[in-house]
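Below you'll find the structure, written out as structure tokens, and then a few comments.
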There are 2 protein chains.
Amino acid sequence: MKLGANEEYGLRCLVRLGYAGEGGSLTIPEISHAEGVSPAYAAKILRILRKGGFVKAARGKEGGYMLARAPESIVIGEVMDVLGGRLFESSFCETHAGQAAICTRSVDCSVRSLWRAVQVAVDHVLSKATLRDLLQNEEEMNAWVRTIPGPSGLRLMQ
Amino acid sequence: MKLGANEEYGLRCLVRLGYAGEGGSLTIPEISHAEGVSPAYAAKILRILRKGGFVKAARGKEGGYMLARAPESIVIGEVMDVLGGRLFESSFCETHAGQAAICTRSVDCSVRSLWRAVQVAVDHVLSKATLRDLLQNEEEMNAWVRTIPGPSGLRLMQ
DNA sequence: GTTAATCTTGACTAAGAAGTACAGATTGGC
DNA sequence: GCCAATCTGTACTTCTTAGTCAAGATTAAC
Ligand code: FES
Ligand code: FES
């Protein structure tokens, strides 16, 4: 259960575009330099974001990338799905069944319930966060996290 | 952000050992057959669990694996750490900095706050679950999940 | 003590993700 | 029309994870 590179860099590139402001655009070299990744890799990530509908591209001279929608309408959970898939995919039990056709407890599996609970907990945070929330500084972000109902928010600063 | 194979199979092998009851032991061929994984892979996973201190092994004829402690004292969060590491490792920002020495916003990074919030949400579920909870059937497990305070539990059955 | 069942270990191969390279297509400016 | 800046797409290499293999060490039973 690890965060992937696409998720980290993809989100950072998206935040970087958000900083460019409404209608502002950045080129691949600019984003590459700002985030410290190679231009080729930035291009690969931006392509994923474009196919996900979060950014749009303008080609040719004076081209570049810009947000496809307003930051407050870009839900981070959806971005994460595109960049790295879900934690517990619906096909997970089928693809991790080993030699059997499916987990031998498939009709009654407590492990599956646990995965679902973890997925719900993650979604609870990521479905409430929008790109707008990430465009503030770290301290304001921490304050935002505390507004999430339930212990997830309350316990962050321990 | 995906679950890994070790986490899935490792947890399933541990649950299987839990079913063997207090003092009960299972051999690698038995576990392998019950969970539908190859004996070689089961051995690899059980080694990880043994090094983590969750199971102990008896060698030689009449040997096998058994739980090293009572199921209620085996916290799933600790098992998951051993099997697949943390979602947001403390070194994550250092190892995903690209060509720069660190994320260019390292002193004030809202993305980092988000990762921490997700990690807290996951820990909130996994630190409360013990192997004992996983030894019940799926329905009882779902009921248990609902006892977790906060929306993570409440929303599972939607 | 011999044997057979069992765990132990490190090296090996296969598959997937991370990151790079390069040829091609598009656009604005001259 | 030509050029330079830019995005687009596919193929490639590299690194990590998943999974296998084979030789070795330990123990109970006979
Ligand atoms: S059905 Fe997926 S882990 Fe059991
Ligand atoms: S410091 Fe880790 S993402 Fe910015």
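Note that this is a predicted model, so its numbers are computed, not measured. All chains are named by letter (A, B, ...) in the order of the sequence lines, taking the proteins before the strands, and each is independently numbered beginning at 1.
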Under the side-chain hydrogen bond (donor to acceptor under 3.5 Å, both in side chains) test, which residues partner [X], sequence neighbours left out?
{"X": "B/Arg69", "answer": "none"}
{"X": "B/Thr130", "answer": "B/Asp133"}
{"X": "A/Glu7", "answer": "none"}
{"X": "A/Arg112", "answer": "B/Glu138"}

Q | Neighbour count above 12 (heavy atom, 6.0 Å) for A/Glu140 CD | A | yes

Q) Does a nitrogen or oxygen in the side chain of A/Arg50 sit under 4.0 Å from OP1 or OP2 of D/dC7? A) no

Q: Verify the contact: side-chain N or O of B/Ser38 to OP1 or OP2 of D/dT20, cut-off strictly under 4.0 Å; return yes or no.
A: yes

Nearest-angstrom distance from the residue atom [atom1] of [X] to [atom2] of [N]:
{"X": "A/Leu26", "N": "D/dA5", "atom1": "CG", "atom2": "P", "answer": "18 Å"}
{"X": "A/Leu46", "N": "D/dT6", "atom1": "CG", "atom2": "P", "answer": "14 Å"}
{"X": "A/Met1", "N": "C/dA17", "atom1": "CE", "atom2": "C1'", "answer": "19 Å"}
{"X": "B/Ile48", "N": "D/dG19", "atom1": "CD1", "atom2": "P", "answer": "11 Å"}
{"X": "B/Ile45", "N": "C/dT8", "atom1": "CD1", "atom2": "C1'", "answer": "16 Å"}
{"X": "A/Arg12", "N": "C/dA18", "atom1": "CZ", "atom2": "P", "answer": "14 Å"}
{"X": "A/Lys56", "N": "C/dT26", "atom1": "NZ", "atom2": "C1'", "answer": "18 Å"}

Q: Specify the residue among B/Gly63 and B/Lys51 whose closest nucleotide of DNA chain C lies further upstream toward the 5′ end.
A: B/Gly63

Q.
The test is side chain to side chain contact (heavy atoms under 4.5 Å, CB included); show your working for B/Met80 and B/Leu11 and say whether it passes.
A. CA-CA 8 Å; B/Met80 297 287 284; B/Leu11 208 46; 4.2 Å; yes

By side chain to side chain contact (heavy atoms under 4.5 Å, CB included), which residues pair with [X], not counting sequence neighbours?
{"X": "B/Leu135", "value": "B/Val15, B/Tyr19, B/Pro71, B/Leu131, B/Arg132"}
{"X": "B/Val75", "value": "B/Glu78"}
{"X": "B/Arg50", "value": "B/Arg47, B/Val55, B/Ala57"}

Q. Counting any heavy atom closer than 4.0 Å, what does A/Arg47 reach on the DNA or RNA strands: base, sugar-phosphate only, or nothing?
A. base

Restricting to nitrogen or oxygen on both sides, can you table the protein-nucleotides 14-18 of chain D pairs closer than 3.5 Å?
unit_1 : atom_1 : unit_2 : atom_2 : d
D/dA18 : OP1    : B/Ala5 : N      : 3.1

(Q) Using a 4.0 Å heavy-atom cut-off to protein, can you give one letter per nucleotide of nucleotides 25-30 of chain D, 5' to 3': B if the base is in contact, S if only the sugar-phosphate is, - if neither? (A) SBBB--

Q) Which nucleotide in the list D/dT6, D/dG9, C/dT8 gets nearest to the side chain of B/Ile28? A) C/dT8

